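By convention here, the first residue in the shown sequence is residue 1. Bear in mind the structure is a predicted one, so any value in this text is a computation, not a measurement. Remember, it's 1-based here, ligands and their atoms both numbered in the order they're listed.
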Amino acid sequence: MTTADPDPWPDGSRTVAQHAAAVLALLDDVVLDARTVSLAEAGGRVLAEDVVATVALPPFANAQMDGYAVRVADLAAIAADRAAATAAAATAAAADGAATGAAGAAGTAAADRAPADVLPLTAAVPAGAAPAALAPGTAAPIMTGAMIPAGADAVVPVEETDPPRFPDWIGDDGGVPAGATVRFTAAATTTTAGRFVRPVGSDLPRGATAMTAGTRLTPAAVGVLAALGRADVPVRRPLRVLLYSTGSEVVPPGATLRPGQIHDANSAILRAGLTACGVEVVTARLVADAPTALLGALEADARDAAPDVVISSGGISRGAFEVVKQALGRRGVGFGPVAMQPGGPQGAGLLDVGGTRIPFLAFPGNPVSTLVSMEMFLRPALAARFGAPPRPRFPARLANPVTPLPGREQIRRGRLTTTDGEPVVRLVGGPGSHLLHAAATADVLVHLPAGSGSPPADPLPAGALVTVTPLD
Ligand SMILES: Nc1nc2c(c(=O)[nH]1)N[C@H]1C(S)=C(S)[C@@H](COP(=O)(O)OP(=O)(O)OC[C@H]3O[C@@H](n4cnc5c(N)ncnc54)[C@H](O)[C@@H]3O)O[C@H]1N2
Ligand code: MOO
């Protein structure tokens, strides 16, 4: 840091909100340029340009059900004719009630109207066909997704025909047998125009903006691009991140532990979390408690791996071997407390390395502290700047009483249930930041506000509302 540079940690103790804002500001100058990728690689990426619909979705009016394409006027005529037949039969029955042997005459009157009760069939319309127009007074067997013939204005599902199935000849190549007809149920004859028809453009009209630059490509969004016929798409390149896990006691998973050693959990935590945010971890290293080793690695990695951001864990509190603090404290990175537990010690700044300035975040070494730091500071910034999936926050009631920390927000881990339709959270594990296994059984972070009252702070009773953030 030159004398002209501002103090990278001017605030003494920061609030959570102040540190979150500082982390966000660190990313201000990071620009992720655009590249075109195939649709197969586009999931989870962020769109670099607006996409305009060059076709409508759906591209043509089509059937929503397997059934019969009809003109509703024809069904209305059938309904009217049946009503007339029923009335005539009732009148005849009343008249014949006085005279013996009249039942047969009434039956004959109803039978006289039978031909108006059905519609002659035309050729079936399978999905993928371009059908001829539907002639008035006919019905066309039609399959889900098939194009509605011109002139048809509704589809009657096959279940509303009598019998409720397609005739066997459909699917044969022999055409429509002479005299083939369909009989509709009473329910079918009340069909209104548009029933079971999916109009052209009803999902997205042609020429509309389908999605705007900055949209994260979820499975549904990638599906829309495919439906629009896009084989490739311009997206932002992923953020490139360099990870350092520090500490002479830390060895990689797979290594046999010698006395005093532990396996590196933080690289795994950060890599998994960052990958879910669409970030590319370009290099991940273990660095011993030796400032010269850290500086040497940084010089080489900044040159060779071109990271956008560097994230370290460990080596930032008040010990005698705080490698990150000792190596970087005079290079643009500030260190100080944030009023939060876990994750109280933090470091952040624009690291001066090899003549360039790279956003640097230093997380505390305890694994739950690293996890919570990522969720509280890094993920929200990645969501705001680069379209990473944001985490919602919502209220839940505490299942048990808990005493918060005076003057500091506490981020506990919990499991969410529902009681009487309301979210209720039960804490799992204690507050200790080494309790990683307990944290892995949690499905939410539980935000306990700084407690009031002189230490110990006043307890929050069971049933008190707190904010939770779902984890995955
Ligand atoms: N005198 C004080 N001591 C400590 C304070 C303090 O205010 N005064 N703060 C405590 C808090 S809170 C935290 S959090 C830690 C932060 O310390 P560091 O960031 O310097 O982290 P380390 O000392 O290197 O490690 C802490 C802890 O975590 C383990 N660790 C480190 N890296 C990994 C890894 N990659 N995977 C798994 N576990 C890791 C390490 O072995 C230590 O047990 O400082 C407190 N002390
Ligand atoms: O703040 Mo430390 O992260 O509690 O354990």
Side-chain angles (χ1 to χ4, degrees), residues 9 12-16 19-20 241-255 257-274 281 283-291 293-294 297 310-329 333-349 360-378 403-413 427 429-440 445-448 450-451:
W9 198 283
S13 179
R14 286 181 179 168
T15 63
V16 168
H19 190 58
V241 168
L242 191 57
L243 287 184
Y244 290 140
S245 279
T246 71
S248 295
E249 77 280 27
V250 180
V251 299
L257 292 180
R258 293 204 302 266
Q261 293 185 329
I262 56 164
H263 289 124
D264 172 21
N266 292 350
S267 297
I269 293 168
L270 290 169
R271 187 188 283 276
L274 290 168
V281 175
T283 305
R285 278 188 203 293
L286 296 183
V287 180
D289 287 324
L294 176 59
V310 183
I311 300 170
S312 68
S313 68
I316 62 169
S317 65
R318 294 171 188 268
F321 305 96
E322 303 294 13
V323 59
V324 177
K325 207 173 181 177
Q326 287 164 8
L328 307 183
V333 182
F335 297 90
V338 172
M340 177 175 98
Q341 192 284 325
Q346 293 285 336
F360 191 104
L361 294 180
F363 292 159
N366 283 304
V368 178
S369 309
T370 284
L371 174 73
V372 167
S373 301
M374 175 176 74
E375 291 295 338
M376 294 295 289
F377 304 123
L378 183 55
T403 302
L405 291 176
R408 281 192 295 166
E409 192 171 321
Q410 192 173 41
I411 313 300
R412 296 287 295 267
R413 283 68 64 196
L427 299 182
S433 51
H434 64 296
L435 300 172
L436 182 60
H437 176 262
L445 293 179
V446 186
H447 304 254
L448 302 181

Below 30° counts as parallel, above 60° as perpendicular, anything between as tilted: where do the rings of H19 and F377 land? perpendicular

For a side-chain contact (heavy atoms from CB on, under 4.5 Å) with L286, tell me which candidate from L243, V250, N266 qualifies. V250

Is [X] reaching over with its side chain to a backbone N or O of [Y], donor-acceptor style, under 3.5 angstrom?
X: R412; Y: G429; answer: yes
X: R318; Y: I316; answer: no
X: E375; Y: V372; answer: no

Sort out the contact shell of ligand 1: every protein residue with a heavy-atom distance below 4.0 Å, listed by chain and number. S245, T246, E249, V250, I262, H263, D264, A265, N266, G314, G315, I316, S317, R318, E322, P345, P364, G365, N366, P367, S369

Can you list every pair where an N/O of ligand 2 is under 3.5 Å from an N/O on the protein?
residue	atom	partner	partner atom	Å
ligand 2	1 (O)	G343	N	2.9
ligand 2	1 (O)	G344	N	2.8
ligand 2	3 (O)	G343	N	2.5
ligand 2	3 (O)	S369	OG	2.5
ligand 2	4 (O)	Q341	NE2	3.1
ligand 2	5 (O)	S369	OG	3.3
ligand 2	5 (O)	S433	OG	2.3

Side chains of V324 and L294 in contact at under 4.5 Å (non-hydrogen atoms): yes

Heavy-atom side-chain contact between I311 and V241 under 4.5 Å: yes

Check the pair T370 / L270 against side chain to side chain contact (heavy atoms under 4.5 Å, CB included), numbers first and verdict last. CA-CA 8 Å; T370 284; L270 290 169; 3.7 Å; yes

NE2 (H437) with more than 12 external heavy atoms under 6.0 Å: no

